[in-house]
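Before any comments, here is the structure.
Position 1 is the first residue of the sequence; numbering continues from there. In this text the structure is predicted, and so the values were computed from the model without any measurement.
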Amino acid sequence: MVLKEGLRVWKRIFLRLILLAVGLLGLLLYGLPLVRHLEVLIPMGVCPLARRPLRDNFTGLLHPWARPEVLTCTSWGAPIIWDGTFDPDVAQQKAAQQNLTIGLTVFAVGRYLEKYLERFLETAERHFMVGQRVVYYVFTERPAAVPRVPLGPGRRLRVERVAREPRWQDVSMGRMRTLHEALGGRLGREARFVFCMDVDQHFSGAFGPEALAESVAQLHAWHYHWPRWLLPFERDARSAAALAPGEGDFYYHAALFGGSVAALRALTAHCAQGLRQDRARGLEARWHDESHLNKFFWLHKPAKVLSPEFCWSPDIGRRAEIRRPRLLWAPKEYALVRA
């Protein structure tokens with residue numbers, strides 16, 4: 001009798017622990033700020049190359065050991081760029097020596113144009129690749145409505161017309177095909193390196209040549225502390241974007257990616273093909289083109305990874321490791337802009 005009673009007690013305790021774990025996980029995933037702050041207790045890992053010098057064509061000598069509290073390189077040897085791990089003056093000198101033109105693409109369709117584009121371009125003029133030649137490519141269905149923002153020397157604005165899609169998801173997914181075509185045309189001839197960004201954000205700090213590389217991925221601000229098994233990869237095995245359990249390195253944000261023209265042509269071709277395959281099967285990946293981008297970067301490792309400082313969400317709140325945000329997400333007013 002005593003044994004049976006003891007088993008019942010342990011069973012109740014075990015069930016309560018399971019419910020507590022599920023509850024905390026739900027709060028972590030779906031938004032109680034106090035619980036989300038506990039993410040900082042999840043270790044990010046230690047750079048295996050932290051005591052060896054790392055060099056980069058655009059930053060010179062990197063200092064991964066300067067930020068011991070965060071992960072500063074990947075298992076395949078790519079640097080993760082945090083404030084303090086590079087010298088911005090050296091990065092400017094390295095870029096100047098290479099005589100670069102850098103492209104920046106952004107889609108401003110529907111109400112996203114009026115709501116976000118002007119501030120995006122104005123802040124880009126203050127912070128994006130200052131001192132470098134830059135060509136902005138704005139893709140919109142209303143070229144005449146694009147604001148005429150004053151541009152500095154050596155900086156140009158191109159406006160490309162795109163069709164208005166019936167759903168915002170189709171706009172998001174269709175951009176990979178559009179980017180692939182643009183990179184094979186004038187954009188690919190004008191620029192050596194290109195960054196592709198979402199319009200519903202604005203620059204808040206220097207975003208310079210330290211971000212350049214053959215291929216560049218961005219750690220997602222909401223997921224960079226999470227263990228791999230919690231990351232929101234596509235898990236439907238029927239999808240071309242699917243990653244099996246145990247696959248995937250980090251969760252990358254589609255609001256910011258970049259690289260050389262050739263590397264981006266490969267990335268956009270892969271994503272566009274995967275999206276076509278899914279559509280033919282009647283499927284849609286959970287996070288649309290972002291799911292396919294994560295599949296690509298699992299198969300083809302990025303040469304450089306940008307820390308969440310380069311694309312940060314103020315809704316997360318203050319984090320000690322986020323010293324100097326470069327891009328800040330705008331408030332997500334989906335009911336207004338996706339109507």
Side-chain angles (χ1 to χ4, degrees), residues 83 88 101-162 164-165 168 171-172 175 178-179 182 187 191 193-211 216 218-222 253-258 289-290 306-319 322-339:
D83 187 63
T101 296
I102 301 158
L104 175 55
T105 72
V106 65
F107 283 71
V109 176
R111 295 178 181 176
Y112 280 83
L113 193 158
E114 291 89 357
K115 182 70 178 175
Y116 301 114
L117 180 59
E118 186 168 15
R119 190 180 190 193
F120 178 90
L121 292 173
E122 287 177 347
T123 57
E125 274 299 284
R126 293 199 295 271
H127 298 295
F128 180 75
M129 300 293 169
V130 174
Q132 309 297 325
R133 290 199 304 273
V134 171
V135 54
Y136 300 106
Y137 269 70
V138 174
F139 296 91
T140 181
E141 85 283 21
R142 290 177 292 144
V146 172
R148 299 303 166 185
V149 174
L151 303 179
R155 300 168 80 93
R156 302 187 301 278
L157 175 67
R158 308 284 193 205
V159 179
E160 300 286 340
R161 184 185 295 274
V162 294
R164 175 72 186 272
E165 300 288 350
W168 69 264
V171 174
S172 177
R175 69 171 176 159
T178 302
L179 285 170
L187 172 59
F193 293 88
V194 176
F195 284 94
C196 308
M197 298 187 186
D198 283 357
V199 71
D200 54 346
Q201 50 193 352
H202 65 273
F203 291 87
S204 59
F207 193 112
E210 66 277 357
V216 181
Q218 168 68 51
L219 289 183
H220 200 295
W222 285 90
H253 197 181
L256 166 54
F257 58 95
D289 55 323
E290 186 170 85
L306 301 180
S307 76
E309 291 176 316
F310 281 82
C311 190
W312 183 247
S313 172
D315 288 344
I316 298 174
R318 294 180 62 84
R319 291 279 174 87
I322 307 300
R323 295 181 179 177
R324 190 176 302 174
R326 269 66 171 175
L327 272 170
L328 291 174
W329 299 15
K332 303 301 182 184
E333 301 182 46
Y334 293 142
L336 172 65
V337 296
R338 292 178 176 176

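Rounding to the nearest 0.5 angstrom, the gap separating the CZ atom in Phe107 from the CE atom in Met197 is 14.0 Å. To the nearest 0.5 angstrom, Leu157 atom CG is 10.5 Å from Leu104 atom CG. Interatomic distance, Phe195 CZ to Leu256 CG, rounded to the nearest 0.5 Å: 7.0 Å. In this structure, the separation between CG on Leu327 and SG on Cys311 is 5.0 Å, given to the nearest 0.5 Å. If you take CG on Leu117 and NE2 on His202, they are separated by 14.5 Å, rounding to the nearest 0.5 Å. Expressed to the nearest 0.5 Å, how far NE2 of His220 lies from CD of Glu290 amounts to 5.0 Å.
Both the sub-6.0 Å distance and the 45° axial angle are not jointly satisfied by Arg326 relative to the ring of Phe207.
Arg323 has no carboxylate O lying under 4.0 Å from a charged side-chain N of Glu309, or vice versa, which leaves the two without a salt bridge.
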(message) Before you tell me yes or no, could you show the steps for Val162 and Val109 under side-chain contact (heavy atoms from CB on, under 4.5 Å), namely the whole-Å CA-CA distance, both residues' side-chain angles and the distance that decides it to 0.1 Å?
(response) CA-CA 8 Å; Val162 294; Val109 176; 4.1 Å; yes
(request) Report the C-alpha separation of Arg142 and Glu114 in whole Å, then their side-chain angles, then the decisive distance to 0.1 Å, and conclude whether the salt bridge (charged side-chain N to carboxylate O under 4.0 Å, His left out) test is met. (result) CA-CA 11 Å; Arg142 290 177 292 144; Glu114 291 89 357; 2.5 Å; yes
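When ring centroids are compared, Tyr116 and Phe120 stay outside the 6.0 Å threshold. The six-membered or imidazole ring of His253 lies near that of Trp329, with a centre-to-centre distance under 6.0 Å.
Judged by distance alone, the side chain of Glu210 and the main-chain N or O of Gly208 form a donor-acceptor pair under 3.5 Å. When atom types are taken as modelled, the side chain of Thr140 and the backbone of Ala108 share a donor-acceptor pair closer than 3.5 angstrom. Distance alone, capped at 3.5 Å, places no donor-acceptor pair between the Gln218 side chain and the Ala254 backbone. Proximity of a side-chain donor or acceptor of Thr101 to a complementary backbone N or O of Val134 within less than 3.5 Å is not detected. Listed for the Arg161 side chain is a donor-acceptor partner under 3.5 Å among the backbone atoms of Glu141.
Summarising the geometry of Gln132 relative to Pro209, their closest heavy-atom pair is NE2-CG, 4.0 Å, with the distance given to 0.1 Å. Between Val159 and Arg148, the shortest heavy-atom distance links the atoms CG2-NH1, 4.3 Å. Among all heavy-atom pairs drawn from Pro314 and Leu328, the shortest one is CG-CD2, 4.0 Å. Here the closest non-hydrogen pair linking Ile322 and Pro308 is CD1-CB, 4.1 Å. The two residues Val135 and Ala191 come nearest to each other via the heavy atoms CG1-CB, 4.4 Å. What you find for Phe310 and Ala211 is that their closest heavy atoms are CE2-CB, 4.3 Å.
Between Asp200 and Lys115, the closest side-chain pair of non-hydrogen atoms is not below 4.5 Å. Under the 4.5 Å side-chain criterion, counting only non-hydrogen atoms from C-beta, Ser204 is not in contact with His127. The shortest distance between side-chain heavy atoms of Arg175 and Asp198 falls below 4.5 Å. A heavy-atom distance below 4.5 Å is found between the side chains of Leu179 and Phe139. With contacts defined as side-chain heavy-atom distances shorter than 4.5 Å, the pair Trp312/Arg319 qualifies.
Using a 3.5 Å distance cut-off with no hydrogens or angles, the side chains of Tyr136 and Arg158 do not pair a donor with an acceptor.
Applying the ring pair (Phe, Tyr, Trp, His ring centres under 6.0 Å) rule to Tyr137 yields no partners; only residues at least two apart in sequence or on another chain are considered.
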